[in-house]
There are 2 protein chains.
Amino acid sequence: MTQNQNDIDYSMLNTLVGYRLRRAQIAYFENFTATCTEQGVTPGLFGILAIVLNNPGLTQTAVAQAIHTDRSAMVAAVDKLEKLKLMERRPSENDRRSYALYLTPEGERFTHALHQKVLAHESHFEQVMKPGEKEQMLDMLMRIIDLVN
Amino acid sequence: MTQNQNDIDYSMLNTLVGYRLRRAQIAYFENFTATCTEQGVTPGLFGILAIVLNNPGLTQTAVAQAIHTDRSAMVAAVDKLEKLKLMERRPSENDRRSYALYLTPEGERFTHALHQKVLAHESHFEQVMKPGEKEQMLDMLMRIIDLVN
DNA sequence: TATTGTTATACTCTATAACTATA
DNA sequence: TATAGTTATAGAGTATAACAATA
């Protein structure tokens with residue numbers, strides 16, 4: 001009988017908040033990816049939909065900044081969302097270089113529905129949280145994020 | 001004046017624990033990566049060092065499982081660590097197919113020192129935590145991780 | 001000059017398949 | 001037959017550089 005995974009000593013990695021954040025994020029992300037895939041999009045595409053839903057008319061570059069990615073990556077992403085008839089590029093009114101992004105009515109329904117599905121899948125993790133812990137975690141994570149942004 | 005990042009409505013993404021975990025993990029990871037880079041290794045190589053330090057004699061496949069990656073990725077990683085004279089492959093005593101991994105004395109010193117540097121950098125984030133919150137966060141994250149493993 | 005969208009490109013990380021030598 | 005290490009390869013995600021159109 002060789003040493004199996006349960007016997008591994010993680011004492012060094014276990015002292016690091018960053019390592020546990022990473023492992024927990026991967027756990028959530030697997031769930032999230034599966035939910036998105038069922039609906040025919042990727043996590044990245046959902047992020048774009050979620051931003052444009054509540055911020056209609058943003059340019060591609062503005063959305064790229066909002067989700068912390070490069071504007072060059074937006075081109076193929078918006079192409080896909082247009083092909084899915086969830087989003088559309090409209091000519092910007094005052095700047096002929098840029099597009100204003102809007103969800104189609106179907107895109108709005110799709111995004112709301114997917115959001116609810118993701119929330120439902122996330123609730124799976126709440127069985128290991130005590131009352132109030134989810135809110136406290138959200139609050140603590142936001143303070144960490146705000147520290148570097 | 002166009003809409004800047006501070007004006008973006010993140011209300012949908014902000015309801016998702018997974019999204020905040022991801023953003024917070026990225027914040028920690030940038031710090032972690034910089035600390036590793038200063039010492040000439042990558043975050044992935046540090047993970048391997050940290051496991052082998054406390055679990056000397058593991059095979060490559062066992063280490064791969066411990067850090068949740070594929071054994072094929074271990075080959076180049078261990079090659080690099082051997083070239084840095086931090087780790088060595090020794091023939092396994094009872095199985096000529098496999099190697100037993102050990103840190104060199106220099107590898108042990110290096111790993112302890114890097115661990116301390118990472119911890120020191122992580123303390124930067126503790127300025128936004130209240131007393132006891134770090135421990136509570138570590139505990140909560142572990143419960144989430146254990147749920148899926 | 002600077003910025004937007006675009007294209008081409010590269011780099012990292014990760015995963016898969018197939019091979020060999022051993023078990 | 002199954003497993004350990006290895007190699008080649010492919011995919012996703014992300015970043016950089018350069019270009020045309022426009023500001």
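Only this structure's heavy atoms are used, side chains among them; waters, hydrogens and symmetry mates stay out. Keep in mind the model is a prediction, meaning the values are calculated, not measured. Chain letters run A, B, ... following the sequence lines, proteins first, then strands; residues in each count from 1.
Axis angle between the ends of the helix from C:dT1-D:dA23 to C:dA23-D:dT1, five pairs each and rounded to 10 degrees, works out to 0°.
Pairs passing the ring-ring contact (aromatic ring centres under 6.0 Å, His included) check and including a residue from residues 75-98 of chain A, sequence neighbours excluded, do not occur. Within the structure, every pair that satisfies the ring-ring contact (aromatic ring centres under 6.0 Å, His included) test and touches residues 120-140 of chain A, not counting sequence neighbours, is listed here: A:Tyr28-A:Phe125. For the ring-ring contact (aromatic ring centres under 6.0 Å, His included) condition, no pair includes a residue of residues 80-112 of chain A, sequence neighbours left out. Applying the side-chain hydrogen bond (donor to acceptor under 3.5 Å, both in side chains) test to every pair with at least one member in residues 74-87 of chain A, sequence neighbours left out, gives these pairs: A:Asp79-A:Arg89, A:Glu82-A:Arg89. Residue pairs meeting the ring-ring contact (aromatic ring centres under 6.0 Å, His included) criterion with at least one partner in residues 130-149 of chain B, sequence neighbours excluded, are absent. Within the structure, no pair that satisfies the salt bridge (charged side-chain N to carboxylate O under 4.0 Å, His left out) test touches residues 101-112 of chain B, not counting sequence neighbours. Residue pairs satisfying the salt bridge (charged side-chain N to carboxylate O under 4.0 Å, His left out) criterion with at least one member in residues 115-130 of chain B, sequence neighbours excluded, are listed as follows: B:Glu126-B:Lys134.
Between B:Leu58 atom CG and D:dG5 atom P the separation is 10 Å, expressed in whole Å.
For the side chain to side chain donor-acceptor pair (under 3.5 Å) test, residues two or more places apart in sequence or in another chain that qualify with B:Ser11 are A:Asn54, B:Asp9. Residues forming a side chain to side chain donor-acceptor pair (under 3.5 Å) with B:Asp70 (at least two apart in sequence, or on another chain): B:Ser72.
Contacts between chain B and DNA chain C, taken as any atom within less than 4.0 angstrom of a protein heavy atom, begin and end at C:dA15 to C:dA23.
The two atoms that bring B:Ala27 and A:Val148 nearest to each other are CB-CG2, 3.8 Å, heavy atoms only.
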Margin query: Within the 4.0 Å limit for protein heavy atoms, which parts of nucleotides 13-23 of chain D are touched? Write it as a string from 5' to 3', B for base, S for sugar-phosphate only, - for none.
Written below: -SSB----BBS
